[in-house]
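Report on the structure given below.
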Amino acid sequence: MTKITSLNQLINLQEQIIEKKRDDITSHPGKSWGSEKFAPQALKEDQELDAPRGKEIRVVLRNCTLIDPENLDDYISEDGYQALAMVLEQYTPEQVIETIALSGLRGRGGAGFPTAKKWELTRNNPGTQKFIICNADEGDPGAFMNRRVLEGDPHSVLEGMAVAAYAIGAQQGYVYCRAEYPIAVRTLIKAIQQAQDYGILGNNIFGSDFSFNIELRMGAGAFVCGEETALIASVEGKRGEPRPRPPFPAVSGLWGKPTSINNVETFANIPQIILTGPEWFASMGTEKSKGTKTFALAGDVNHTGLIEVPLGISLREIVYDVGEGIKKNKGLKAIQTGGPMGGCIPASMIDLRVDYESLTAAGSMMGSGGMIVMDEDTCMVDIARFFMEFNQEESCGKCTPCRVGTYSMLQILNRICQGEGVEGDIEELERLSKVTKVHSLCGLGQGAPNPVISTIKHFRDEYEAHIFEKRCPAKVCRALIRYEIIKDNCTGCTFCAKNCPVGAITGERRKPHEIDQEICIQCGICFQTCNFNAIEILPGKVQLVGEHS
Amino acid sequence: MEDQSSEQTYGLITPSFHLLLKEFPLNQPESREIIDEILHSFRDVPGGLMVILNEIQSKIGYISQPIQEYISLILNIPVSTITGVVSFYSFFTTKPRGDHTIKFCMGTACYVGGTPQLMRKAEQILDIQTGDTTPDNHITMEVCRCVGSCSQAPVVVVDEQLYGRVRPSKVPPLIRDIMKTYEDS
């Protein structure tokens, strides 16, 4: 394969590819633009990414589903790698950083540190060997934007990394991808290989004296490895434990060398900023948060999936315009953003603008962009317990506040959910939250109490109902509810009895059935499987036999 | 010394090395070959331990104590370091797993969408606890972290195939499909 050695050659190649596609279309009418084997079928079956709705603008996701991710030609036909070629021919590294600074791009991994500043710090640190790392360890439950970008448009990330490497003076890059994404890993390996074949990665890229290589590293299922110092340790082949900062990775990162770590989405933005200009990018968003952000909209909205909206959009617009409202017309209770270390924003704050500062002020955070919409049937104590369970399990155990703090909080939350809460539990939770937040080593521990803090702040009454009245208002906590059969509705189809895992339901065919509360474990399978709405959930504790959740 | 090919390759003549080679799975020529090849290709990669462990986990299926000791001798890294890394990451297992794995996603959307009910149903059918393998070594049942398909919650992953919007009534057919492959053969 011939290697591309200049911007002009790349543009010529693009014209050839487009010409060829046009020929294909005229000679085979009915074929679509892009790869015919990929695009139409994928669009038809895609449950994650629909046509844009509401105020959506696609920047990061612009190529997803429209091009074949395994074909570099497709990417080149969409102006691919032109930003890199342009940068190498016309820009000095300082100019690249200046351009990104003008655009106002901030890190999309959650904390929102200005990207240009990070690059500048890394660039200005002495040393000839520097590294660039792409953080694709997207571990937040409920977030899958990065996976989609890696699977749908891997070259945009590689191009962004190459531009960043040129800006900071790195020769080697790593993509750290989590092992839960096998397709993303396969696509990336293929993409890196193709780019090397074209001479876009390797030595003397586009005829310049800039050389850059990318290697893929896989995680192995540790959430904490998304934290930058833990990620570095993992790439080095060690236990993925964070270390105190400073020194920041920009000073002493991978193998003690200056390293810049950016998120997948940050890199995917770079080529567009270079090509279209920083002014265009800065025209979107709010004063301090520019551009667009992808969110994985999940939970109880009608239209779940990936969305990309300009920053500064209100939550109302996201839930009701883009998400098309709550399922079954139920009421909105809360929106959870920022993953397990984020917080719950109550329905009363639905007009909140989505940007880094407002979300933090509301007690949540941007995070990498999971957005879970919860309707009125969600128990906030249970949600807090769920996130605490996640954080406790993923706590690496290196520092005591996080290791012990998350465990103690989980114990209290478990107790409350089982109807064994006592007076003073809420205050104890607040105290532990504070300690863990202030004293933990890394973002995981510092963020771990957020779900508890925000749910206590906005839904204190639910905690109180659990503790003092032994009642779960949303009828979720298993120890505080019981299932009963509505005799008038039950047709005696025996379906529930067949599905009951503990055999608590008895009754003759065609006669109303009955649930033995002694045996019932409140799993809810009968409620879900009943076709006649004959099973109701009643508040009130029953004698628990069986396991505790 | 000359007749032992492994010693020629690595120049190791410790008694423990001989004993180690008698242990399963290192006494199986096929497994040994796979492990040797992985070690050869990645031993010089900077920070290659993670890469090696990932490869062994995916090709052998587990990283047992003898394998860890073997890696330790060849890479000249203390076993404690390797065990430290293996025990840190949830993807690495030290015990052999069943031929098929059913993973239940415990991401937020799936949890809210009813993964616990699905697990209870599967536990009931397979008669094992989550995290265990059936006695015939056919199916391993485990919980996994968010697989990133939240719009299809709740999600069950059988081997690498993903099933979305699974209802409790869909679990028995799913398991039956796996068992069918054994009946045929």
### Task
For chain B, find which of A:Ala296, A:Ala179, A:Gly339, A:Gly299 contributes the most heavy-atom pairs closer than 4.5 angstrom.
A:Ala179
### Message
For the NZ atom of A:Lys498 and the OG atom of B:Ser169, what is their distance to the nearest 0.5 Å?
### Response
12.0 Å
### Value rounded to 0.5 Å, distance of CZ in A:Arg239 from OG1 in B:Thr83
10.0 Å
#### Entry: Segment of A:Phe387 engaging chain B (4.5 angstrom heavy-atom cut-off)
side chain
### Query
Are B:Val45 and A:Arg217 close enough that some pair of their side-chain heavy atoms sits under 4.5 Å apart?
yes
### Summary
Taking every heavy atom of A:Trp255 against every heavy atom of B:Gly47, the minimum-distance pair comes out as CZ2-N, 3.5 Å
### Message
Taking CD in B:Glu33 as the centre, count heavy atoms belonging to other residues, nucleotides or ligands within less than 6.0 Å. Is the count above 12?
### Response
no
### Task
Pick one of side chain, backbone, both or neither for A:Asp140, based on which atoms fall under 4.5 Å of a heavy atom in chain B.
backbone
### Query
Is it the case that more than 12 heavy atoms not belonging to B:Asp136 sit under 6.0 Å from its CG atom?
yes
### Task
Measure across B:Tyr89 and A:Gly240 and return the closest heavy-atom pair with its distance rounded to 0.1 Å.
OH-N, 3.1 Å
### Task
Please look at A:Glu394 and chain B and tell me whether the side chain, the backbone, both or neither of the residue comes under 4.5 angstrom of a heavy atom of that chain.
side chain
### side chain to side chain contact (heavy atoms under 4.5 Å, CB included) evaluation trace for B:Met106 with A:Phe390
CA-CA 9 Å; B:Met106 264 297 201; A:Phe390 180 90; over 6 Å; no
#### Entry: Portion of B:Val85 that has a non-hydrogen atom of chain A nearer than 4.5 angstrom
both
### Message
Counting C-beta onward and ignoring hydrogens, is there a side-chain heavy-atom pair between B:Tyr111 and A:Ile383 closer than 4.5 Å?
### Response
no
## Note on the structure
The reported gap from CD in A:Glu236 to CG in B:Leu49 (rounded to nearest 0.5 angstrom) is 12.0 Å
### Query
Where do B:Met50 and A:Met218 come nearest, in terms of heavy atoms and distance?
CE-O, 3.7 Å
### Message
Between A:Tyr174 and chain B, with a heavy-atom cut-off of 4.5 Å, which part of the residue counts as in contact: side chain, backbone, both or neither?
### Response
side chain
### Query
Of the backbone (N, CA, C, O) and the side chain (C-beta and beyond), which part of B:Pro116 lies under 4.5 Å from a heavy atom of chain A, both, or neither?
neither
### Query
Which pair of non-hydrogen atoms, one from B:Ser90 and one from A:Gly221, has the smallest distance, and what is that distance?
OG-O, 2.6 Å
### Query
Is any side-chain heavy atom of B:Phe88 less than 4.5 Å from a side-chain heavy atom of A:Glu241?
yes
### Query
Looking only at heavy atoms, which two atoms of B:Phe92 and A:Ala220 are closest? And how far apart?
CZ-CB, 3.5 Å
### Task
List in chain and number order the residues that pass side chain to side chain contact (heavy atoms under 4.5 Å, CB included) with B:Glu69, two or more places apart in sequence or in another chain; answer none if no residue qualifies.
B:Leu20, B:Gln65, B:Val79
### Task
Report the distance from atom OG1 of A:Thr529 to atom NZ of B:Lys121, rounding to the nearest 0.5 Å.
8.0 Å
### Task
Measure A:Ser234 against the heavy atoms of chain B and call it side chain, backbone, both or neither at under 4.5 Å.
both
### Query
Using non-hydrogen atoms only, which part of A:Val301 is less than 4.5 Å away from chain B: side chain, backbone, both, or neither?
neither
